Amino acid sequence: MGFVPNASLVEPYGFANRMTAPWWRAHGLDVRIIDLTGPRARVARLLRGCDLVYVCGGNSFHLMRCLRDAGAVPLIRGLVSSGVPYVGESAGAVVAAPDIDYIAPMDVRHEPATTLRAPLMRETPTPGLALTRLHVVPHVGGRLLGAAADDILRMHAGESGYAPLRNDEALLIEDGRMRRLTTGSLAARLL
């Protein structure tokens, strides 16, 4: 498993997201941490050697910038199109969408100081990985980010393509079919 932690590195709760890697190791998976801020050649080599790509949660905007800067976007798209499973937790699921601007009520844009402008929200489109046409809205009903999830769902009420998920749910997209699972049953499938 290639474990991408970068979304978690800018959030105060990020340590909890990164604890998923030792959990997977404890369940028998060979977990390789892929820090997208490392040399591009190393990132590419590590990604190409994965049987599964796991992108942990945190800040979606920071994650997408790291993916672009590392040259990982076409690599991940290629891996997924060749059959390598992609697992996105929270921000990792958000960036699988065609664009990630919709998540602005939940995530702060962490932009480099040289490009900082006010206001930052919704000034330019932010493309995602476009692995799916869905826009996952994580943390529905959650104590920490549930109110932001509710705001996003209200903003897009009546629009198709938005998939609200509780913290104990996952979407499995396989052979063009989508199923909602509990996270425990998804973990069992991966192990």
Side-chain angles (χ1 to χ4, degrees), residues 1-9 11-34 50-60 63-64 67 76-77 79-100 102-103 105-107 128-191:
M1 168 189 288
F3 186 89
V4 179
N6 296 81
S8 70
L9 300 176
E11 297 295 348
Y13 54 80
F15 176 76
N17 297 89
R18 290 187 300 278
M19 289 309 297
T20 313
W23 187 89
W24 287 112
R25 279 190 187 110
H27 286 82
L29 290 179
D30 175 20
V31 178
R32 296 177 187 149
I33 305 297
I34 302 175
C50 294
D51 296 321
L52 180 135
V53 176
Y54 188 100
V55 183
C56 87
N59 186 284
S60 304
L63 173 59
M64 201 60 230
L67 288 164
I76 291 174
R77 286 179 182 153
L79 288 168
V80 171
S81 69
S82 72
V84 173
Y86 175 94
V87 177
E89 169 195 349
S90 187
V94 169
V95 300
D99 66 83
I100 65 169
Y102 74 96
I103 206 69
M106 187 176 292
D107 285 350
L129 291 171
L131 300 176
T132 177
R133 286 179 267 162
L134 289 174
H135 295 84
V136 170
V137 181
H139 310 298
V140 171
R143 274 189 298 153
L144 183 59
L145 298 169
D150 291 344
D151 289 345
I152 293 166
L153 293 172
R154 271 193 298 279
M155 289 170 56
H156 298 283
E159 295 178 43
S160 63
Y162 287 82
L165 289 178
R166 295 186 324 255
N167 289 340
D168 67 340
E169 292 181 311
L171 285 180
L172 176 65
I173 301 172
E174 196 173 41
D175 300 326
R177 294 184 318 245
M178 182 175 63
R179 290 188 294 154
R180 187 178 301 266
L181 304 170
T182 63
T183 52
S185 61
L186 178 63
R189 288 181 59 95
L190 294 173
L191 296 172

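Everything numeric in this text was worked out from a predicted model, so none of it was measured. For this chain, numbers begin at 1 and follow the sequence in order.
Side-chain rings of Tyr102 and Tyr162 approach one another, their centers coming within less than 6.0 Å.
Side-chain contact between Phe3 and Thr20 is present, with heavy atoms from C-beta onward closer than 4.5 Å. Put simply, the side chain of Val140 does not reach to within 4.5 Å of the side chain of Leu165, judged on heavy atoms. Counting only heavy atoms from C-beta outward, the side chains of Leu79 and Val53 approach each other to under 4.5 Å. Between Pro5 and Asn17 the shortest side-chain heavy-atom distance does not fall below 4.5 Å. The shortest side-chain heavy-atom distance between Leu134 and Met178 falls under the 4.5 Å cut-off. Between Met1 and Asp51 the shortest side-chain heavy-atom distance does not fall below 4.5 Å.
For the 3.5 Å distance criterion, the side chains of Asp168 and Thr182 fail to qualify, holding no donor opposite an acceptor.
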Exercise for the section: Go through His135 and Glu159 one step at a time and tell me if the side chain to side chain contact (heavy atoms under 4.5 Å, CB included) criterion holds. Expected result: CA-CA 11 Å; His135 295 84; Glu159 295 178 43; over 6 Å; no
Problem - Trace of the side chain to side chain contact (heavy atoms under 4.5 Å, CB included) decision for Ser90 with His139 - result: CA-CA 8 Å; Ser90 187; His139 310 298; 2.6 Å; yes
Problem - Residues Tyr54, Val4; criterion side chain to side chain contact (heavy atoms under 4.5 Å, CB included); working and verdict - result: CA-CA 6 Å; Tyr54 188 100; Val4 179; over 6 Å; no
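The minimum heavy-atom distance between Ala21 and Ile33, with the atom names listed, is CB-CD1, 4.0 Å. In terms of heavy-atom proximity, Val95 sits nearest to Gly92 at CG2-O, 3.5 Å. Leu153 and Pro164 get closest at one heavy-atom pair: CD1-CB, 3.8 Å. When all heavy atoms are compared, the tightest approach of Val136 to Ala93 is CG1-CB, 4.0 Å. When all heavy atoms of Leu63 and Ala7 are compared, the pair lying nearest together is CB-CB, 3.7 Å.
The line from CD of Glu169 to CG of Leu171 is 8.0 Å long, rounded to the nearest 0.5 Å. Taken to the nearest 0.5 Å, the OG atom of Ser60 stands 10.5 Å off from the CG atom of Leu67. A distance of 11.5 Å separates CG in Asn59 from CG in Asn6, rounded to the nearest 0.5 Å. In this structure, CD on Glu89 lies 5.5 Å from SG on Cys56, to the nearest 0.5 angstrom. Put simply, CE on Met106 and CG on Leu144 are 9.0 Å apart, with the number rounded to the nearest 0.5 Å. Note that CD1 of Ile173 and OH of Tyr86 are 11.0 Å apart. Values are rounded to the nearest 0.5 Å.
No side-chain donor-acceptor contact under 3.5 Å links Arg25 to the backbone of Asp30. Between the side chain of Arg77 and the backbone N or O of Leu129 there is at least one donor-acceptor pair closer than 3.5 Å. Using modelled atom types, no side-chain atom of Tyr13 and backbone atom of Ser8 make a donor-acceptor pair closer than 3.5 Å.
Within 6.0 Å of CZ in Arg32 there are 12 or fewer heavy atoms belonging to other residues, nucleotides or ligands.
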